[in-house]
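In this text, all values refer to a predicted model and were calculated from it rather than measured experimentally.
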Amino acid sequence: MSAETASIETSAPTQGQRLKAIIGGSTGNLVEWYDWYAYSAFTLYFAPHFFPSEDRTAQLLSAAGIFAVGFLMRPIGAWLMGVYADRHGRKSGLTLSVALMCAGSLLIAVTPGYETIGVAAPLMLVLARLMQGLSIGGEYGASATYLSEMAGKNRRGFFSSFQYVTLIAGQLVAICVLLLLQATLTEAQLDAWGWRIPFFIGGLLAVIVFWLRRGLAETQSFAVAKAAGAPKSGFVELITNHPRETLTVMLLTAGGTIAFYAYSIYMQKFLVNTSGLSRQVASQINAATLFAFMLLQPVAGALSDRIGRKPLMIGFGVMGMLCTYPIFATLAVTKDPLVAGLLVMAGLVIVTGYTSINAVVKAELFPAHIRALGVALPYALANTLFGGTAEFVALWFKQAGMEQAFYIYVTVMIAISLSVYVKMRDTAKHSQIRED
């Protein structure tokens with residue numbers, strides 16, 4: 001009998017307890033990702049304050065560079081807090097991550113612009129994003145592990161899909177805050193000081209979530225592994241005893257994360273900077289499509305509980321390869337907001353095959369004693385290399401006059417991930433999460 005199925009005093013949670021824990025964990029996840037995405041949603045407004053230039057693309061490129069810098073801390077955060085969550089509990093890891101996110105958001109909110117403090121302004125922005133990167137690096141592994149372990153065997157795909165529901169909801173709330181401010185403030189007010197409001201909101205919400213997470217229940221998997229004296233989580237343990245699983249997570253993430261960032265984070269800027277739509281229209285399209293995308297996650301997650309995880313991932317890989325270039329090429333020349341919205345939605349429907357189940361797939365690959373680190377670190381490395389650089393690469397290709405090369409780049413990365421989906425076992429049938 002495995003350590004995770006050994007008899008101990010901790011009993012399996014009831015369905016009501018599972019639901020309460022998942023809602024509590026997901027609420028914190030939403031606020032974390034709101035804070036992270038607020039940077040991207042308001043880049044068009046705050047970029048001139050930190051990077052004075054007459055060229056809008058140059059300003060966006062500088063801001064996207066710092067967005068990518070934030071991702072450099074994600075592997076470090078994944079490593080440090082993944083180990084922490086494996087050794088001290090999922091709840092402890094979740095609490096620590098939201099505290100760091102709070103500090104980063106408030107720092108962005110209060111930092112003066114370039115005209116006031118010169119080069120110190122972008123340096124403070126870098127520091128804030130490094131703190132947020134450290135936070136989000138630990139958040140993903142801890143929340144993915146927590147939700148997957150609390151879900152129960154037969155509904156693991158459905159309940160774990162709420163990680164991306166709240167991840168998308170965080171991004172959607174950031175967009176809605178932008179739309180609200182666009183409706184209530186003038187363009188001059190938004191450009192001057194209104195862009196600071198969402199960062200104050202994020203910081204204050206993070207304080208509330210910090211206290212909320214302190215009251216979460218710990219998972220049975222962690223309690224069993226700790227009581228059974230399982231090996232300690234750590235980098236050496238991960239790469240020595242789980243190298244295949246670690247590489248699998250990196251490669252299955254690569255195509256999925258760049259597709260997700262291309263169709264969500266970067267899309268708002270693409271619609272303005274390439275398609276020529278207004279900032280307001282681009283924000284509305286982004287909000288509407290993200291809302292529909294969010295609702296698809298639990299549907300696809302529940303489907304994976306019935307047919308397995310592998311068919312969904314292969315569907316994303318095949319359709320992503322076939323459709324990415326045509327979707328972006330058509331979006332680049334369309335001027336009709338409805339057509340643009342439908343094209344963006346088509347891309348997001350395809351990406352759902354990855355986003356809805358990627359957390360549970362990764363969690364099911366690792367035993368409990370190293371699950372948070374195993375989920376977080378290789379995922380964070382792939383995100384740093386591909387997700388965090390997606391905007392920068394796209395804008396670099398555009399500035400160089402080769403924008404279509406970005407569409408090809410995304411397609412190739414999806415193809416690499418597809419090769420992994422085809423070869424790997426279906427984790428729904430071969431899960432390392434042992435509880436019922």
Side-chain angles (χ1 to χ4, degrees), residues 27-52 56 59-60 63-64 66-67 101-116 121 124-125 128-129 132 165-209 264-273 275-295 335-338 340-341 344-345 391:
T27 302
N29 196 48
L30 186 154
V31 174
E32 283 256 7
W33 288 102
Y34 163 81
D35 285 334
W36 180 254
Y37 287 132
Y39 181 97
S40 180
F42 285 84
T43 297
L44 290 167
Y45 292 97
F46 72 71
H49 291 273
F50 292 92
F51 313 102
R56 171 182 283 179
Q59 289 177 343
L60 294 177
I66 291 184
F67 186 80
M101 183 61 74
C102 174
S105 291
L106 291 177
L107 182 58
I108 296 175
V110 301
T111 298
Y114 187 92
E115 292 183 356
T116 304
M124 293 292 283
L125 190 61
R129 290 303 287 179
Q132 291 186 324
V165 169
T166 51
L167 185 155
I168 298 162
Q171 184 177 358
L172 188 58
V173 170
I175 294 295
C176 288
V177 169
L178 172 59
L179 292 173
L180 179 62
L181 291 177
Q182 286 175 335
T184 56
L185 299 178
T186 66
E187 283 285 296
Q189 288 172 328
L190 259 177
D191 286 331
W193 53 267
W195 61 267
R196 297 183 184 274
I197 294 174
F199 298 105
F200 278 116
I201 293 173
L204 294 175
L205 288 176
V207 172
I208 296 172
V209 170
S264 59
I265 300 297
Y266 176 60
M267 186 52 65
Q268 181 196 22
K269 301 169 187 63
F270 183 86
L271 293 175
V272 174
N273 211 30
S275 302
L277 301 177
S278 69
R279 292 187 290 188
Q280 289 83 356
V281 169
S283 297
Q284 291 166 0
I285 291 172
N286 208 14
T289 55
L290 283 174
F291 181 76
F293 181 48
M294 178 182 68
L295 297 180
K335 302 300 179 185
D336 187 331
L338 178 60
V344 174
M345 193 66 239
E391 281 193 15

Exercise for review: Give me the ring orientation class for Trp195 and His49: parallel if the planes are under 30° apart, tilted from 30 to 60°, perpendicular past 60°.
Suggested key: tilted
Practice item. To the nearest 0.5 angstrom, please state how far the CZ atom of Arg279 sits from the CG atom of Leu179. Key: 12.5 Å
Study note, to complete from the structure: Interatomic distance, CD1@Ile108 vs CZ@Arg129, rounded to 0.5 Å, equals 6.0 Å
Study note, to complete from the structure: In this structure, CG of Asn273 is separated from OH of Tyr266 (nearest 0.5 Å) by 6.5 Å
Review point. Can you tell if the side chain of Pro198 reaches within under 4.5 Å of the side chain of Leu181, non-hydrogen atoms only?
Key: yes
Exercise for review: Check whether any side-chain heavy atom of Phe46 lies under 4.5 Å from a side-chain heavy atom of Leu125, and answer yes or no.
Suggested key: yes
Study note, to complete from the structure: Of all heavy-atom pairs linking Gly203 and Ser105, the shortest is N-CB, 3.9 Å
Practice item. Give a yes or no on whether the backbone of Arg196 and the side-chain of Tyr45 come within a donor-acceptor separation of less than 3.5 Å. Key: no
Review point. Between Met345 and Ala292, which heavy-atom pair has the shortest distance, and what is it?
Key: SD-CB, 3.6 Å
Study note, to complete from the structure: The side-chain contact (heavy atoms from CB on, under 4.5 Å) partner of Phe291 among Leu172, Asn286, Ile168 is Leu172
Check your understanding: Do the side chain of Lys335 and the main chain of Leu277 share a donor and acceptor less than 3.5 angstrom apart?
Key -> no
Check your understanding: Can you name the closest pair of heavy atoms from Gly341 and Ile285 and give their distance?
Key -> CA-CG2, 3.8 Å
Check your understanding: Less than 4.5 Å apart, any side-chain heavy atom of Phe200 and any of Leu106?
Key -> yes
Check your understanding: When you measure from the side chain of Ser275 to the backbone N and O of Val272, does any donor-acceptor pair fall under 3.5 Å?
Key -> no
Practice item. Could you grab the distance from atom OH of Tyr34 to atom CZ of Phe199, nearest 0.5 Å is fine? Key: 8.0 Å
Practice item. Would you indicate whether the side-chain heavy atoms of Gln268 and Leu178 approach each other to under 4.5 Å? Key: yes
Practice item. Over all heavy atoms of both residues, which pair between Gly202 and Val31 is shortest? Give the atoms and the distance, please. Key: O-CG1, 4.3 Å
Check your understanding: Which heavy atom of Pro112 sits nearest a heavy atom of Ala121, and at what distance?
Key -> O-CB, 3.5 Å
Check your understanding: Is any side-chain heavy atom of Gln182 closer than 4.5 Å to a side-chain heavy atom of Gln284?
Key -> no
Study note, to complete from the structure: Rounding to 0.5 Å, atoms CZ (Phe42) and CG (Leu190) come to a distance of 7.0 Å
Point to revise | Distance in Å, Cys102 SG paired with Asp35 CG, rounded so as to fall on 0.5 Å steps | key: 7.5 Å
**Study point:** Non-hydrogen atoms of Ala169 and Met294 that approach each other most closely
**Key:** CB-SD, 3.6 Å
